[in-house]
Structure formats: C-alpha cells, structure tokens
Amino acid sequence: ISHLKYLKVVYVPEEFKSDQRKTSLDIASEASEIISEYLVGCRNTGIGWGFTMYETAKQLSYADSKWGGSFTPLIGVSSESSPYLQVNTITDHFSEKSFGTANYTNIPIALDNQQQMSKMEKSKLKEIETRWSKLDSAIVGLGTPYKKDATFMISEAGSMYKEVLSKDHAVGDILATFFRENGEIIHMPPAYKIVAIDLNKLMMIPKVLCLAGGNEKVMGIYTAIRMNYINGLVTDSNTAQKLLELFNKNSTQKERGVK
C-alpha cells in the first residue's frame, strides 16, 4: 500500500476474521512491541483513545532505556465510564512504560457553545492546542461506523450528535470525528464544539500511526489512508488483504478513466 510510510501486519487466522475483539487484541499485542522503534527520534507524541489504544498501552513493557518523550492527549475527557475512553490513563501508561513525561487534560470532549468558557478553561484549551501544534508524532485508533446500540463517546452531546450520525453514512471515526467514504467530515451540531485535534491538522504531523483492523473498519481505514489522515498502520492480515484489493481496484479504475 504505497500511500503509507509504515505498515505492520499481524497474522490473524481466517477463522477469527469476524471476531473484532480478537483482532484488536492481536493488533494491540503487535503494536506494543514495535512502538518504541516507531517513535525513535520523536519528542512530542499525541495519544488517542479506544479499545486497541487502551490494550496497547496496557501491554507495553517497561523500557530497558528511555525512549519516550512528551505524551499529550489528542482529545478531551469523556464522562463515560469505559476505560477505553480514558485518554489520560492511556497517556499515562505510555509515559510510564517509556520513562517519558505526560501532559494531562481536564477539558471535556464536548463544550457547550451556549455557555461562556471561564478564563481558566480558555487557558487550558489554548495550552493543549499549542501542544498539538508542536507534535512530531501521533498514535491513534479508528472506530467502527456509528451504531445506535453502542456506547457513545460523546454523551454530553449524545442525542443531537446521534441524530446527525444516524442520517449520514459515516464509515468510521478518528478521535470522535466521523467521516464519510469520500472523506468528508460529519460536523457536530453548532451548539457544541468537540475538543480534539482537527483531522486536517492531524495529517500535518510527520508520523501518524493508526492501530486498527477488522471487517467493520476496512472502509474507514481505507478512507483515512486515502485522505492522508494517517501515514502508518498496524493491522491484521485479513484487513490488509481487503485494503490491498480496494487500492488495486481504485488504481485499475483510474487507469481506465472510471470515476
């Protein structure tokens, strides 16, 4: 897949190709082994959230020598109790295991635009946005298309955002920003602001490694690669095969002049 600067594929037997949890755990296991090498020379790394990110952080071994720099959450704090959405905890694991430093945030993932921010909130938001502007690397997950019965990461704006998502055809999300197959962003209702690095700014970071795989995520990963939201990927063998087929199909259509 020529669009990527880095690709690591972990073998997952065909019998488990529909097992999202098994696939994610295998990806996390592989990612925990290669991240220290991937981040060589990086000093400021942004950290995302999600099941695979959480499991990767848990499985990281304590470094024999310091390899971590400064780690910063790429998204605000969720009020959901799921450990996979606790970005400060995930960030802390990365910094602890690598003997780096962690920068935490207490800003909610969704801000109500109808309520005026305090001076302290404005200062904290500016601080983390400044840190995002200095990143040289990022590690993120990628979510499946929106499902009505799934745990929703933005409960603060739940009903309004869910209504928007239910009418659109999102193929996935990165850092709670959902996008369509053509790469278009599905925006939050104007009453709220998502506190997360903008995907157009994420793609400007030199190294952006995505940890994701599974049948439900294929089109989301394909779109994220095609839009240059990510330039590195750790995935499973079944997903990698489907991605290769999609890119080959797209290449053939371009050669034939098919849009």
Any idea which heavy atoms bring [X] and [Y] closest together, and the distance?
| X | Y | answer |
| --- | --- | --- |
| Trp49 | Gly76 | CZ3-O, 4.5 Å |
| Ala212 | Lys217 | CB-CD, 4.3 Å |
| His93 | Ala57 | CB-CB, 3.6 Å |
| Leu4 | Gly232 | CD2-N, 3.9 Å |
| Ile109 | Ala176 | CD1-CB, 3.9 Å |
| Gly220 | Phe179 | O-CE1, 3.6 Å |

(message) Can you list, by chain and residue number, the hydrophobic cluster partners of Tyr62 when the side-chain cut-off is 4.5 Å?
(response) Phe99
(message) Among residues at least two apart in sequence or on other chains, which ones pass salt bridge (Lys or Arg N to Asp or Glu O under 4.0 Å) with Lys17?
(response) Glu14
Partners meeting side chain to side chain contact (heavy atoms under 4.5 Å, CB included) with [X] (sequence neighbours left out):
| X | value |
| --- | --- |
| Asn228 | Met203 |
| Thr239 | Val218, Ile221, Thr235, Asp236, Leu243 |
| Ser61 | none |
| Met227 | Thr223, Tyr229 |

(message) Hydrophobic cluster membership, with links at side-chain heavy-atom distances under 4.5 Å among I/L/V/M/F/W/Y: are Phe71 and Ile107 in one?
(response) yes
Looking at [atom1] of [X] and [atom2] of [Y], how far apart are the two atoms once the value is rounded to the nearest 0.5 Å?
| X | Y | atom1 | atom2 | result |
| --- | --- | --- | --- | --- |
| Thr177 | Leu199 | OG1 | CG | 4.5 Å |
| Phe94 | Ser36 | CZ | OG | 11.0 Å |
| Ile186 | Asp173 | CD1 | CG | 10.0 Å |
| Leu202 | Leu175 | CG | CG | 6.5 Å |
| Asp198 | Ile185 | CG | CD1 | 7.0 Å |
| Ile225 | Leu7 | CD1 | CG | 8.0 Å |

Side-chain donor/acceptor of [X] to backbone N/O of [Y], under 3.5 Å:
| X | Y | result |
| --- | --- | --- |
| Arg226 | Phe247 | no |
| Gln86 | Glu80 | yes |
| Gln20 | Gly213 | yes |
| Lys242 | Asn215 | no |
| Asn248 | Leu244 | yes |
| Asn231 | Pro206 | yes |

(message) Can you pull out every salt bridge (charged side-chain N to carboxylate O under 4.0 Å, His left out) where at least one residue sits in residues 23-51? Sequence neighbours excluded, please.
(response) Lys8-Glu30, Lys22-Asp26
(message) So, using ring-ring contact (aromatic ring centres under 6.0 Å, His included) as the criterion, who are the partners of Phe51 when residues are at least two apart?
(response) Tyr84
Within the structure provided, determine whether [X] and [Y] are in side-chain contact (heavy-atom separation under 4.5 Å).
| X | Y | answer |
| --- | --- | --- |
| Ile34 | Leu209 | yes |
| Ile35 | Thr56 | yes |
| Asp92 | Thr89 | no |
| Leu74 | Val140 | yes |

(request) Could you list all the ring-ring contact (aromatic ring centres under 6.0 Å, His included) pairs where at least one residue sits in residues 23-45, not counting sequence neighbours? (result) Tyr6-Tyr38
(request) Check side chain to side chain donor-acceptor pair (under 3.5 Å) between Thr45 and all other residues, then give those that pass, not counting sequence neighbours. (result) Ser137
(request) For Ser95, check side chain to side chain donor-acceptor pair (under 3.5 Å) against everything at least two apart and list the hits. (result) none
(message) Can you confirm whether Asn182 is buried at CG, in the sense that more than 12 heavy atoms of other residues, nucleotides or ligands lie under 6.0 Å from that atom?
(response) yes
(request) Please assess Ile47 against Thr72 for the test side chain to side chain contact (heavy atoms under 4.5 Å, CB included), listing each intermediate value before the final yes or no. (result) CA-CA 6 Å; Ile47 297 296; Thr72 301; over 6 Å; no
(message) As a quick check of understanding, evaluate side chain to side chain contact (heavy atoms under 4.5 Å, CB included) for Tyr104 and Val77, giving each step before the final call.
(response) CA-CA 10 Å; Tyr104 307 112; Val77 178; over 6 Å; no
(request) List the steps and the verdict of side chain to side chain contact (heavy atoms under 4.5 Å, CB included) for Met117 and Lys122. (result) CA-CA 6 Å; Met117 295 176 65; Lys122 289 180 181 179; 3.8 Å; yes
Please report, to 0.1 Å, the donor-acceptor pairs under 3.5 Å made by any side chain of residues 123-134, with sequence neighbours excluded.
residue: Thr130; atom: OG1; partner: Lys126; partner atom: O; Å: 2.8
residue: Arg131; atom: NH1; partner: Asn103; partner atom: OD1; Å: 3.3
residue: Trp132; atom: NE1; partner: Pro73; partner atom: O; Å: 2.8
residue: Ser133; atom: OG; partner: Thr130; partner atom: O; Å: 2.5

(message) Taking side-chain contact (heavy atoms from CB on, under 4.5 Å) as the criterion, tell me which of Ile27, Leu60, Leu211 meets it with Ser32.
(response) Leu60
